Amino acid sequence: MITTGIDVGAKNIKVVIQEDGKLLGKGQATSGLDTASDIKQAMDAALAEAGLTRDKVEKTYATGAGRKEVKEVDDSYTEVGADAAGAVHLFPGTRTVIDIGAEEGRAIKVDENGKVVDFAINERCAAGAGAFTEAMARALEVPLTELGPLSLTSSKAVPMNAQCAVFAESEVVSLIHQKTEKRDIARAVHDAMSSRITSMARRVGVEPSVCLIGGVAKNPGFVDSLQRDLEMEILIPDDPDFVGAFGAALLAAGIAK
Amino acid sequence: MIEMFQEWYDNRHEYAKHWKAKTGGKVLGYFCTYVPEEICYAAGVLPVRILGSHESQDVTEPHIFAMYCPFCRDCLAQGLAGRFDYLDGITIAQSCLHIRQAYTSWDLHIPVEWSYYLPMPHNVQSPRAVPYLVEELKSFKKSMEEWTGKKITDDDLRRGIEIVNRDRQLMKQVYELRKREEPPLSGLESMYMVVSSQTTDKQEHARIVEDSLKELENRTLGRPVGQRLMILGSEDDDHEFVQMVESCGSTFVIDDHCTGTRYFWDQVSLDGGDPLTAIATRYVNRVPCPTKDWPVRTRLPHILDLAREWDASGAVILQQKFCDPHELDIPAIKSALEEQGLITLFLELDVTVPIGQFKTRVEAFLEIMQEEDLF
Amino acid sequence: MAKYKTAPLKSWQKAKEIRENYYRDYEAAREKGGLRWAGGAWTFDAIPSGLGDDVYPITSEPYGATIAFQKDFSDRCLEAAERAGYARDLCAYMRNYWGSILLDEYGWVEPGEERKPFPKPDFVWQDHICCSHAKWYQVVSDLEGGIPMFCIDVGVGPYEKTTKHGVDYVVGQMQDGIDWLEKTTGRKYDDEKLIQAVYNTCRATSTWAEICMLNQNIPAPLEEKTMYSLYVLGTLHKSSPEVADFYEELKAEVEDRVANGIAAVENEQTRVMTDTQPPWGFLRVFRYMAEKYGCVSVGSLYTFALIGNWIWKDGQFVPRPTPQSLGVKIKDRDQALRVLTEWELSKPEWQHFYHPKYKSEMMIQIAKDWKLDGVMLHYNRGCEGLSLGIAENRLAILDAGFPVMVFEGNMGDEREFDEARTMGRIDSFMESLSVPKLV
């Protein structure tokens with residue numbers, strides 16, 4: 001069965017088309033004011049990549065914080081349910097899913113059947129979400145995509161004292177003034193964020209395998225910090241930011257439960 | 001001599017492990033300065049205060065909700081990290097809810113031989129408090145006897161009282177020297193002295209305090225004293241912060257912290273009476289933690305006296321973030337100090353403090369004080 | 001077609017009237033030559049009853065919640081308290097209450113009337129178990145220009161370890177307190193009124209527990225949102241005959257609902273409990289759960305036992321039988337104070353102050369006996385006393401095999417509650433419990 005998953009996130013809309021558990025196409029658009037037209041844009045891109053027309057799609061499920069804004073869907077699942085479905089399908093041994101989006105981070109614990117048994121979501125705090133690395137990259141005057149590779153070249157742990165994103169930004173500025181090397185500051189930023197995420201993940205109990213998804217999973221500097229904190233290897237799928245949409249599509253097909 | 005205190009503070013875990021190896025005795029971790037250390041000394045047990053490490057950590061979130069103070073979370077993190085693996089027992093005297101959670105989570109997750117919750121009364125201004133505490137101290141003593149397998153006699157208690165009193169009295173003499181126009185030691189050195197007395201054998205500590213007194217007789221800081229400041233508020237062993245303030249042209253000359261004067265100011269008066277009654281009376285009448293300072297705020301005139309006698313012209317009021325008992329006193333303390341002519345700066349402590357940003361605020365505060373001096 | 005019959009609660013109107021009269025009487029006390037006093041919901045309100053029948057209390061937690069309900073007024077109160085230097089993380093009830101003193105505006109408004117000035121109490125009568133209970137009233141006294149206050153420390157350890165000297169300590173303070181009341185008010189103390197008030201306290205708090213027991217039934221005759229407006233009477237004046245009588249009437253009605261299979265949630269298909277005070281301005285969350293998921297919150301240790309009194313008996317968590325039902329006849333002041341002390345020290349909501357294990361045990365027992373599918377813990381930034389140990393409770397409940405959801409918020413400061421995210425979290429939780437959506 002060909003199905004579609006639409007993930008309406010805080011910053012981006014992601015669409016995945018799948019058949020029998022295989023990803024056929026994906027599309028993305030920035031969440032703007034006109035959600036319907038943004039969804040269509042992402043959907044068209046996914047259909048084009050899959051080489052399909054809309055009528056071939058048998059079922060559509062929505063997920064994400066803005067899932068209620070999606071019209072013409074068969075059902076919807078929360079981010080927690082969709083994330084777990086997607087991650088467990090990609091890596092069947094997954095017991096802990098960590099998803100870090102633009103404005104929210106969450107940790108999900110699943111049992112051996114892939115069923116959600118517990119979850120934690122970071123509370124009202126930008127220091128544990130993608131927006132944090134963006135703000136810090138701005139303060140460092142480094143493109144976001146370079147922040148990760150830059151921090152990997154650091155071999156020095158500089159503690160970040162600020163516990164909050166607002167203070168962290170001015171702390172980065174004062175570290176720059178103190179002539180701390182940019183690469184060391186970049187690592188400090190990732191270490192601080194990783195510590196936040198680890199703290200949250202420990203609430204549900206971190207059991208291997210851990211699968212990291214969401215846009216921040218594409219940042220190798222953060223991944224390095226997180227592996228160090230959790231003291232284990234972390235599984236990262238290709239296209240980690242599409243896993244929620246993929247999960248919704250799998251749920252629509254009845255492949256995941 | 002005086003450098004010894006910092007060395008002890010920095011290496012407090014090694015000290016306790018070494019003490020244990022040397023004496024074969026038991027080490028007891030305690031969470032609040034209302035724990036009657038006299039009884040521990042009487043039992044031959046070494047009481048050490050459980051303190052944090054001022055490093056960011058990610059292990060306490062499953063155990064303590066983040067709205068409780070950073071100090072209690074930092075303390076628990078030390079236990080979960082195994083840094084106190086040498087403890088044979090833990091105890092707490094009832095005070096605030098925050099630190100209590102460090103104790104109860106420790107009790108649940110970190111096994112020790114002996115764990116004791118002492119219901120220290122809150123209503124210390126009631127005549128009913130001493131008789132109640134005497135009974136509780138009897139139970140505490142009995143439980144400790146069962147744990148150590150050793151009877152604690154009245155003579156043991158008197159010896160315990162003498163050991164703790166002597167260290168208190170010597171530290172108070174050091175504090176007297178800070179009244180001088182040129183205090184012979186900094187606020188940082190003083191902090192190390194008091195905090196290290198919470199984590200070392202007080203007999204050994206008292207010897208070094210005694211030697212330091214001689215050394216301090218003719219010592220000066222070797223730098224201008226600058227503004228004379230008082231520091232007050234919740235638990236504070238944030239040496240990095242204290243050092244920063246003193247490096248900006250000021251000296252702390254007096255404090256009201258449970259890592260400072262509140263800890264050692266009052267002696268047990270033993271006039272041949274019952275030692276447990278004497279101990280209970282001391283803890284009920286000591287300079288209180290704000291959580292026990294009601295209905296009258298007795299700490300307020302005490303703080304004003306300290307500021308006057310030590311001639312402080314400004315006060316840094318610090319509080320562990322989320323510390324409700326202090327938050328409920330600070331508006332009253334702040335306005336009373338200001339009425340007495342002091343300039344105040346209020347700051348919140350977290351596990352780690354952003355030194356750079358705090359420095360800007362401290363410099364501005366000291367600048368205001370200087371301007372006041374001109375007029 | 002709904003699964004069960006449902007009907008509105010008949011007693012609800014009566015509960016509303018008692019509450020209205022309470023705030024009205026407090027305000028009007030002086031006109032009739034009476035006295036006004038302030039204290040917390042847990043204070044021994046039976047004791048000032050000995051001063052006469054014209055002595056009216058205002059308990060500050062429910063008063064703070066009343067303000068939190070009026071969002072615009074609450075915002076002004078909270079801001080006023082902050083401007084006066086009181087930290088944002090302090091008890092949200094108190095910040096509302098202090099704000100109303102600072103603004104000099106009463107949180108109780110008669111329909112169609114202007115807001116009146118805040119009625120200043122004559123004295124403060126409080127107890128202390130949370131590390132800031134007595135401190136709240138130092139601030140009240142500061143703000144009101146010095147009101148005499150008396151506070152009783154009840155922190156004598158968990159009930160299962162009650163000692164004679166612990167009871168003596170509390171009773172001793174009470175006796176000093178009665179002397180103080182006589183001196184402060186210039187009135188003569190009537191022990192007979194005290195004795196009746198002690199009987200009423202036991203009757204009201206035990207009967208409320210019996211009502212909560214009835215919620216073990218499927219379908220549940222009550223849901224938590226309604227229970228809030230009923231249990232609150234005990235927080236206002238648990239020693240008054242009106243409250244004790246009301247709970248007896250209510251119990252009869254709830255028994256009747258059970259007998260007739262009347263449900264609080266017509267499509268009940270999943271049962272949960274919460275913990276700590278709810279975010280008062282957002283009780284519609286409960287309606288959302290009921291309508292979308294047929295999810296009924298049957299209560300919480302908070303609604304059952306903040307005021308209700310319970311004990312453990314043969315491994316069960318049961319309403320505590322009143323002394324009068326056990327044949328105890330109170331003869332004098334000392335005995336009355338001892339009975340009252342011993343009664344209140346077993347209050348379930350006082351036990352976790354010593355260790356979270358006591359609360360975990362009770363919550364797990366409730367989860368079993370009230371047949372719950374899950375637990376929703378409100379990590380309440382507004383109350384350090386009831387959020388105390390909540391993270392350890394969560395671990396213990398999970399360990400006992402019950403799914404737990406956590407949501408952060410604040411009972412009295414709406415700026416700390418994110419409604420949309422909380423709804424999202426409930427969706428995820430219901431999904432993980434495999435609860436079918438009704439709409």
Side-chain angles (χ1 to χ4, degrees), chain A residues 7-10 61-69 73-85 88 97 99 101 103-111 113-126 128-129 164 199-205 207 244 247-248 251 256-257, chain C residues 88-89 272 279 288-289 291-293 295 373-382 387 389-410 413-439:
Chain A
D7 177 0
V8 186
Y61 275 19
T63 186
R67 65 184 178 279
K68 283 165 190 158
E69 291 176 50
V73 284
D74 297 288
D75 204 350
S76 67
Y77 268 80
T78 65
E79 304 90 295
V80 171
D83 280 356
V88 171
V97 184
D99 176 3
E103 290 179 359
E104 197 171 86
R106 53 187 157 260
I108 306 159
K109 186 179 185 171
V110 295
D111 67 11
N113 304 315
K115 189 180 159 6
V116 175
V117 288
D118 199 2
F119 60 92
I121 302 176
N122 76 341
E123 288 284 351
R124 310 161 59 85
C125 169
C164 141
S199 215
M200 172 187 70
R202 290 213 162 116
R203 268 199 263 157
V204 301
E207 274 179 58
L251 286 160
K257 279 184 188 132
Chain C
R88 231 179 126 147
D89 55 279
V272 298
Y288 176 79
M289 283 160 42
E291 286 170 4
K292 188 158 182 198
Y293 297 103
C295 174
D373 302 296
V375 178
M376 295 169 57
L377 301 179
H378 179 209
Y379 277 37
N380 180 359
R381 286 192 174 264
S387 294
I390 197 166
E392 292 292 355
N393 298 139
R394 174 185 166 273
L395 293 176
I397 297 166
L398 280 170
D399 238 17
F402 293 93
V404 181
M405 178 199 125
V406 161
F407 64 107
E408 252 185 55
N410 188 311
D413 188 340
E414 64 159 354
R415 298 168 301 185
E416 291 197 304
F417 182 72
D418 189 327
E419 190 178 9
R421 279 198 168 187
T422 304
M423 302 291 199
R425 215 168 260 231
I426 291 170
D427 290 337
S428 297
F429 188 54
M430 292 294 133
E431 202 174 271
S432 74
L433 296 178
S434 309
V435 178
K437 281 177 265 197
L438 295 176
V439 285

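Quick note on labels: first sequence line is chain A, next is B, and so on, each numbered from 1. Keep in mind that this is a model prediction, so the values were computed, not measured.
Residue C:M430: no heavy atom, backbone or side chain, is found under 4.5 Å from chain A. When heavy atoms are compared at a cutoff of 4.5 Å, C:F429 approaches chain A by way of both its backbone and its side chain. Neither the backbone nor the side chain of A:R106 comes within less than 4.5 Å of any heavy atom of chain C.
Contact of the C:R394 side chain with the A:D118 side chain is registered, since non-hydrogen atoms from C-beta on lie closer than 4.5 Å. In this structure the side chain of C:D427 reaches within 4.5 angstrom of the side chain of A:K68, judged on heavy atoms.
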- Can A:K109 and C:L398 be said to form a side-chain contact (heavy atoms from CB on, under 4.5 Å), step by step? CA-CA 12 Å; A:K109 186 179 185 171; C:L398 280 170; over 6 Å; no
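Summarising the geometry, atom OG belonging to C:S428 is positioned 5.5 Å from atom CD1 belonging to A:I121; distances are rounded to the nearest 0.5 Å.
Of the possible polar contacts, one joining the C:E431 side chain to the A:T78 backbone as a donor-acceptor pair under 3.5 Å is found. C:R425 places no side-chain N or O within donor-acceptor distance of the main-chain N or O of A:A120, the cut-off being under 3.5 Å.
When every heavy atom of C:R421 is checked against every heavy atom of A:N122, the shortest pair comes out as NH1-O, 3.6 Å.
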